[in-house]
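Please read the structure below before turning to the comments.
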2 protein chains.
Amino acid sequence: MATIDDVAKVAGVSKGTVSSVFSKKRPISKQVTERVLEVAKDMGYFPNHVARSLAIKKTMIVGLKMPISKESTMSGFEIQMINGVIRECSKQGYRVLLDSLPEHDDPTQFSIDPIDGVIMLNPRKHDPRIDRYNQMNIPLVLIGRPDPEDASVCYVDNDNTNVSFQVGEYLLQNGHSSILFLNAADDMTVSTDRQNGLYEAITRHGKPLSSVHVVNYSRKHHSHATDYGYSALKAIYGKHEFTAVITDTDRVALGVLRAARELGIDIPGDLSVIALSNDATLAQEITPKLTSVELSAERLGAEAAQILIQKMNDLSVVQQRIIEARLVIRESCRKLI
Amino acid sequence: MATIDDVAKVAGVSKGTVSSVFSKKRPISKQVTERVLEVAKDMGYFPNHVARSLAIKKTMIVGLKMPISKESTMSGFEIQMINGVIRECSKQGYRVLLDSLPEHDDPTQFSIDPIDGVIMLNPRKHDPRIDRYNQMNIPLVLIGRPDPEDASVCYVDNDNTNVSFQVGEYLLQNGHSSILFLNAADDMTVSTDRQNGLYEAITRHGKPLSSVHVVNYSRKHHSHATDYGYSALKAIYGKHEFTAVITDTDRVALGVLRAARELGIDIPGDLSVIALSNDATLAQEITPKLTSVELSAERLGAEAAQILIQKMNDLSVVQQRIIEARLVIRESCRKLI
DNA sequence: CTGAAAGCGCTTACAG
DNA sequence: CTGAAAGCGCTTACAG
């Protein structure tokens, strides 16, 4: 590959001039510009991004720290979020680096990514990576709330407690007083939030907490989301009594529906289903159409990117945004009263 | 951020030594190693990836050139492919840079990405980017066949012609002799391949090409895949006669199913549906379960990454792999004879 | 086992 | 409007 030096030499100018032609950071006469551009084209010269990054100390790349999942593939929620991140970053001229490399303990192996900032999905409780990014002085925005709460870290999140509170309210008002909750994995802050929200709704209605039977997703026991819904319902139905099931995602609901079909359970006749989900398209295409919560995953991603880009330009920026989620009533839930 | 120089100074060694402690490329005595590591930790030093990349002329990053789609979000096929790419790259220590920046005409704006190689999804006909990467000396692997054929470019692909040939055969053997084909957009090589395959099956059975009515997806007319299936069936049903419909993807089939429900068409009683698809999970959860083609999108992605990594280590590598696809018979198709 | 120094390919004050 | 030179933070022969 031709370098800026080669071009400068052939065009008979200094490399500062070649640099300026490409960066347009200082004016270069029309003649020189044209000559340089022509030579560059002839030689197949393209500015080297890495060298440029080193010189200006910016890469124009945003890192996206994915949850560490070796086997499982991305969920619909994650995908939409990523779409949002990509869209916003592209719009502002940033590239996106997917960081899905496993965590290393060896400090020797821990090299800093070539990024100007990072968006981290689904932080865990007391996530050590938050401190590490701070220490490295890399602007960080979380998608999902930090736990414990920390007023200095940027994040966007749904109000998950409120989401499940609303769902609980809705079910209780419709006469469902025993509920199966197929929640997410228990090491995620979102799981706790949701469980609390649901409990709150139940308590308000003067029902015992035992009205809800909570199950958590486990990577060990379930190969994927749909399988989770399918095998959980099959395992539990008959053992516990419930008239409604709340699922982690629409995919889980899909599994529940299949198990119900096989068990001869009519939905929503015998059992109501609500998905804490996101994929509006899918929910609408399923029969019966799925009553579900619209989480606006794509907006979460886009707004996280927005905040991050702001913060990269002004380190003092701190923003914490709650994206509204809303319950969309469709056909998979019925009134008992 | 502390630099290698700072650490060297404080630890009282040369920066070459610090470098060696981290890269392990030459042996450093235990005492020195420990001292350097301790100082580094105290100072919060992490090797700068960009500077390192410039020095060794490698970034350990693989670029993933996405199709240029401003509005639409990634399809299930793309997502699985990306999953495959990420998985394989992670395994081999590579990061993945999503390149979804719009193409620029301005040569001045065209900077080379900080990548060691690139995987490009869905090349278009006579795709100019192929030459450009060659010119830049960046190893390239396509997912999808180059058109025109070029023995020097690496790619992985399904045998799309054969896939639709098989689907055509299957339908014809089951007595379907008029078919609606909701194909992909017409500027993609895959569309042409599929159409040819289907035509071949029809010709072999001595039927006229008019037995199949081909529609192409259009970004203008359809907001997304499901909508495409939905509105296409609604628009065409009754105007043309057909007993079976082949859809581009499972999402399109979902739209067809919804339209059918609204039109009072029983599937597969009145109309058979086959999806040229990928998402096995989804296909199995839909009622009726979808007869579909398993394209192994994830494998496509993983093998593309594998080939690319080989090629990055040995530029002379040229591989063209066809990933087998197979028709999975489920419930959405019936025999007419 | 360790150090001094050149080099990777850019950018950017500084000077004219 | 343009050039010369230092600097970005690493790696790597070369020498000892």
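We use all heavy atoms of the structure for the numbers below, so side chains are in, but hydrogens, waters and symmetry mates are not.
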Go through the steps to decide whether B:Ile143 and B:Val141 satisfy the test side-chain contact (heavy atoms from CB on, under 4.5 Å), and finish with yes or no. CA-CA 7 Å; B:Ile143 297 186; B:Val141 175; 5.5 Å; no
May I have the distance from [X] (atom [atom1]) to [N] (atom [atom2]), rounded to whole angstrom?
X: A:Arg52; N: D:dG9; atom1: CZ; atom2: P; result: 17 Å
X: A:Glu34; N: D:dC1; atom1: CD; atom2: C1'; result: 15 Å
X: B:Lys58; N: C:dG9; atom1: NZ; atom2: P; result: 16 Å
X: B:Ile56; N: D:dG9; atom1: CD1; atom2: C1'; result: 13 Å
X: B:Lys15; N: D:dC10; atom1: NZ; atom2: P; result: 9 Å

Yes or no on side-chain contact (heavy atoms from CB on, under 4.5 Å) for B:Glu78 and B:Asn122, after CA distance, side-chain angles and deciding distance? CA-CA 10 Å; B:Glu78 290 169 333; B:Asn122 293 332; 4.2 Å; yes
Of the listed nucleotides ([options]), which one gets closest to any side-chain atom of [X]?
X: B:Ala55; options: C:dC8, C:dA13, C:dG3; result: C:dC8
X: A:Pro27; options: D:dC10, C:dG9, D:dC1; result: D:dC1
X: B:Arg26; options: C:dC10, C:dA13, C:dG3; result: C:dG3

Taking OP1 and OP2 of [N], is either one under 4.0 Å from a side-chain nitrogen or oxygen of [X]?
X: A:Thr17; N: D:dG3; result: yes
X: A:Ser14; N: D:dG3; result: yes
X: B:Lys57; N: C:dG9; result: yes
X: A:Ser29; N: D:dT2; result: yes
X: A:Lys25; N: C:dT11; result: no

Which is more 5' along DNA chain D, the nucleotide nearest A:Val13 or the one nearest B:Asp5? Just name the residue.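 Mapping each residue to its closest nucleotide by heavy atoms, the 5'-most match is A:Val13.
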Of A:Met1 and A:Ser20, whose nearest nucleotide on DNA chain C comes first from the 5' end?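 The answer here is A:Met1.
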Answer with base, sugar-phosphate or nothing: what part of the nucleic acid does B:Val50 contact at a heavy-atom distance below 4.0 Å?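 Result for B:Val50 = nothing.
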Within the structure shown, what part of the strands sits under 4.0 Å from B:Leu54 by heavy-atom distance: base, sugar-phosphate, or nothing?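 It contacts base atoms.
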Tell me if a side-chain donor or acceptor on B:Arg95 pairs with a main-chain N or O of B:Ile61 at a distance below 3.5 Å.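 Not at all, since once roles are kept as given, no pair shorter than 3.5 Å links the two residues.
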Inspect the surroundings of CD in B:Glu149 and state if more than 12 heavy atoms from other residues, nucleotides or ligands are less than 6.0 Å away.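 Yes, the 6.0 Å shell around CD holds more than 12 heavy atoms from other groups.
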Can you tell me if B:Lys41 has over 12 outside heavy atoms packed within less than 6.0 Å of its NZ?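 At most 12 heavy atoms, drawn from other residues, nucleotides or ligands, come within 6.0 Å of this atom.
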Once you apply the 3.5 Å cut-off to both distances, tell me the Watson-Crick or G-U wobble partner of D:dG16, or none.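 Answer to the pairing question: C:dC1, which forms a Watson-Crick or G-U pair with D:dG16.
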Please measure how far the C1' atom in C:dG16 lies from the corresponding atom in C:dT12, and state the result in whole Å.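 To the nearest whole Å, 16 Å.
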